[in-house]
Asker: 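Before I ask anything, here is the structure I am working with.
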Amino acid sequence: MKFYRAEQYQASCEDLFLRYEREVKNLLPNARVEHVGASSIPLAISKGDLDIFIGVESDELEAAVQILTTLGFKEKVDTLRTSELCMLESKSSDDVAFQLVANGSEFEFFLIFRDKLRADPSLVQQYNELKMSCEGLSQDDYRRKKSDFINHVLTRA
């Protein structure tokens, strides 16, 4: 697994986010579309991918899944799927994922985590150190370590 410094990927991720934000808002005008993940956090190290949070009303989530597939996305099969969360991944060469979330659900933690790191540079430094320690690990081991860190940040007072 390879990681990139912020200056190596964040500008291109921001440009890509703005493009997808327009496309999603054209299809789902009432959706909340927010840039999340490491690429949305100043100075965060990343694999260089883009994560986009899309918040919709819970009774609109399943229809939104179908609508978003028209942008060249498919449901991710190796991850959690509930009536309040659906992860979608791009079928194109763009390394982009949508986190389609029911508004008000527990899965708004994507936003909470982002905001906590944006507010605390020491957390960003810890996150970066964790990621660098994961170079050479399997995807599963990386996800486990990252999940533990996210849970730690979310449960902090």
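For this chain, numbers begin at 1 and follow the sequence in order.
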Asker: For the residue pair L43 and Q10, establish whether any side-chain heavy-atom pair is separated by less than 4.5 Å.
Answerer: no
Asker: Do L80 and F107 come within less than 4.5 Å of each other through their side chains, counting heavy atoms only?
Answerer: yes
Asker: Distance from C13 atom SG to D49 atom CG, nearest 0.5 Å?
Answerer: 7.0 Å
Asker: Angle class for the Y20/F73 ring planes (parallel below 30°, perpendicular above 60°, tilted otherwise)?
Answerer: perpendicular
Asker: Any side-chain heavy atom of F17 within less than 4.5 Å of one from V33?
Answerer: yes
Asker: Do D140 and S138 have side-chain atoms, one donor and one acceptor, less than 3.5 Å apart?
Answerer: no
Asker: Nearest heavy-atom pair of G37 and S40: which atoms, and what distance?
Answerer: O-OG, 2.7 Å
Asker: Is there a side-chain contact between F110 and D51 (heavy atoms, below 4.5 Å)?
Answerer: no
Asker: Please answer: with hydrophobic residues joined when any side-chain heavy atoms are less than 4.5 Å apart, are L50 and L100 in the same cluster?
Answerer: yes
Asker: Kindly indicate whether the side chain of E108, heavy atoms from C-beta on, has any atom under 4.5 Å from the side chain of N103.
Answerer: yes
Asker: Considering only residues two or more places apart or on different chains, which pairs with a residue in residues 60-75 satisfy side chain to side chain donor-acceptor pair (under 3.5 Å)?
Answerer: E62-R81, E75-R81
Asker: Can you check whether A31's main-chain N or O pairs, donor with acceptor, with K25's side chain at less than 3.5 Å?
Answerer: yes
Asker: Is it the case that S133 and K145 place a side-chain donor and acceptor less than 3.5 Å from each other?
Answerer: yes
Asker: Do M132 and I45 pass the side-chain contact (heavy atoms from CB on, under 4.5 Å) test, and can you show the C-alpha distance, the side-chain angles, and the key distance before you say yes or no?
Answerer: CA-CA 8 Å; M132 294 309 294; I45 290 172; 3.8 Å; yes
Asker: Is the closest side-chain heavy-atom distance between L117 and V153 below 4.5 Å?
Answerer: yes
Asker: Does M87 reach the side chain of L85, with side-chain heavy atoms less than 4.5 Å apart?
Answerer: yes
Asker: Is there a side-chain contact between E23 and N26 in this structure, where contact means two heavy atoms from C-beta onward sitting under 4.5 Å apart?
Answerer: no
Asker: Could R143 and D78 be called an ion pair, given the rule that one side-chain N must be under 4.0 Å from one carboxylate O?
Answerer: yes
Asker: Begin with the C-alpha distance, continue with both residues' side-chain angles, and end with the deciding distance and a verdict on side-chain contact (heavy atoms from CB on, under 4.5 Å) for L88 and Q99.
Answerer: CA-CA 7 Å; L88 297 111; Q99 286 87 36; over 6 Å; no
Asker: Please report the shortest heavy-atom distance between K116 and R156, naming the atom on each side.
Answerer: NZ-O, 3.4 Å
Asker: Can you find a side-chain donor-acceptor pair between E129 and Q125 that sits under 3.5 Å?
Answerer: yes
Asker: Would V36 and I41 satisfy side-chain contact (heavy atoms from CB on, under 4.5 Å), going step by step from the backbone distance to the final call?
Answerer: CA-CA 8 Å; V36 294; I41 301 165; over 6 Å; no
Asker: Walk me through it: do R32 and F53 pass the test side-chain contact (heavy atoms from CB on, under 4.5 Å)?
Answerer: CA-CA 8 Å; R32 288 187 301 153; F53 173 97; 3.5 Å; yes
Asker: For the backbone of V96 and the side chain of D94, can you confirm whether one donor and one acceptor N or O come within less than 3.5 Å of each other?
Answerer: no
Asker: Centre of Y142's six-membered ring, under 6.0 Å away, within 45 degrees of the axis: is that where NZ or CZ of K146 sits?
Answerer: no
Asker: Test your reading of the model: is there a side-chain donor-acceptor pair from R114 to the backbone of H35, 3.5 Å cut-off?
Answerer: yes
